[in-house]
Amino acid sequence: MSSSAASAETTIPGPGLVLFAYDGSELAKLAIDEAGRQLPRGRDALVLCVWQPADVGFVPAGDVHFNAAQASEVKRAAEETAAHGAGLAEKAGFRAQSMAAESAPTWRGIAKVADERDVGLIVLGSHGRHGFAGHVFGSVAGAVAEHCRQSVLIVHRQER
């Protein structure tokens, strides 16, 4: 094992639950894959999809179509999206469960679940919203890093 790999392992939070903030996007999938490369296999994980009626906040898995004004449909789609993410986490080497939570803003739901479940590490992708778009739409990754007491692994899109 290289010295850089050894030092990385000593800085990664120990045996706590890993929380994946999963919105169904390609970047969220990349975050799960990257965590699978960086973290020891077999860790417990919770894949969380935060939802809100009308302003859904995630990309539904598969060909799911629903009326965003119908909270029960949005909740069901969020649960299916979280379950899809848990399947990806299993393939990446985690023992994963899924969960959907209603919250606005999204970062607050992530923080609440992280505190309630005694999470050791939060993993999420950054969509790179900054400037005007970041101010208007907000940056979930930035808010999670700022407001959560847990360590946060933010995965950025790789430029080709």
Side-chain angles (χ1 to χ4, degrees), residues 12-36 38-39 42-129 133-157:
I12 294 172
L17 184 65
V18 176
L19 176 85
F20 290 103
Y22 185 75
D23 65 0
S25 67
E26 288 301 315
L27 193 52
K29 294 172 188 173
L30 176 67
I32 291 172
D33 289 342
E34 185 63 24
Q38 291 192 27
L39 300 173
R43 285 186 70 171
D44 290 327
L46 177 63
V47 179
L48 173 67
C49 182
V50 176
W51 65 278
Q52 42 195 292
D55 180 16
V56 177
F58 66 92
V59 180
D63 281 337
V64 175
H65 299 284
F66 57 88
N67 179 350
Q70 296 295 320
S72 62
E73 289 184 34
V74 177
K75 180 181 179 187
R76 184 173 48 256
E79 290 168 345
E80 290 172 5
T81 299
H84 179 261
L88 296 174
E90 290 276 344
K91 288 178 186 171
F94 296 91
R95 291 188 311 257
Q97 300 175 20
S98 63
M99 176 181 180
E102 180 181 8
S103 180
T106 300
W107 70 262
R108 192 164 305 187
I110 295 167
K112 180 179 180 198
V113 170
D115 286 340
E116 289 173 353
R117 297 292 182 101
D118 197 26
V119 165
L121 178 67
I122 300 170
V123 178
L124 70 167
S126 173
H127 290 281
R129 293 186 182 122
H135 180 71
V136 172
F137 299 111
S139 166
V140 173
V144 167
E146 180 180 349
H147 296 285
C148 291
R149 63 176 180 76
Q150 295 81 3
S151 295
V152 179
L153 172 60
I154 299 174
V155 176
H156 299 275
R157 178 171 278 117

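Sequential numbering from 1 along the given sequence is applied to the chain's residues.
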How far does [atom1] of [X] sit from [atom2] of [Y], to the nearest 0.5 angstrom?
X: L121; Y: C148; atom1: CG; atom2: SG; value: 11.0 Å
X: L153; Y: L19; atom1: CG; atom2: CG; value: 12.0 Å
X: D33; Y: E26; atom1: CG; atom2: CD; value: 9.5 Å
X: L17; Y: R95; atom1: CG; atom2: CZ; value: 10.0 Å
X: S98; Y: E90; atom1: OG; atom2: CD; value: 10.0 Å
X: E102; Y: C49; atom1: CD; atom2: SG; value: 12.0 Å

[X] versus [Y], closest heavy-atom pair with distance:
X: I32; Y: F20; value: CG1-CD2, 3.6 Å
X: S103; Y: R108; value: OG-C, 3.8 Å
X: T81; Y: Y22; value: O-CE2, 3.3 Å
X: A28; Y: D23; value: CB-OD1, 3.3 Å
X: A145; Y: V152; value: CA-CG2, 4.1 Å
X: A101; Y: L48; value: CB-CD1, 3.8 Å

- Message: Within the 4.5 Å heavy-atom criterion, are V123 and E34 side-chain neighbours or not?
- Response: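 V123 does not reach E34 side chain to side chain.
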- Query: Any side-chain heavy-atom pair from V113 and M99 closer than 4.5 angstrom?
  - Reply: yes
- Message: Walk me through whether V140 and L124 qualify under side chain to side chain contact (heavy atoms under 4.5 Å, CB included).
- Response: CA-CA 9 Å; V140 173; L124 70 167; 4.0 Å; yes
- Note: R76-E73 ion pair, threshold 4.0 Å (strictly below): no
- Query: Ion pair present between D115 and R149, side-chain N to carboxylate O less than 4.0 angstrom?
  - Reply: yes
- Task: Check step by step if side chain to side chain contact (heavy atoms under 4.5 Å, CB included) holds for V18 and V119.
- Result: CA-CA 6 Å; V18 176; V119 165; over 6 Å; no
- Steps toward side chain to side chain contact (heavy atoms under 4.5 Å, CB included) verdict (H156, L30): CA-CA 9 Å; H156 299 275; L30 176 67; over 6 Å; no
- Task: Please answer whether the main-chain N or O of F94 pairs with a side-chain N or O of R43 as donor and acceptor at a distance below 3.5 Å.
- Result: no
- Message: Assess the residue pair K29 and H84 against the criterion (side chain to side chain contact (heavy atoms under 4.5 Å, CB included)); give the C-alpha distance rounded to whole Å, side-chain angles, the decisive distance to 0.1 Å, and a yes or no.
- Response: CA-CA 10 Å; K29 294 172 188 173; H84 179 261; 4.0 Å; yes
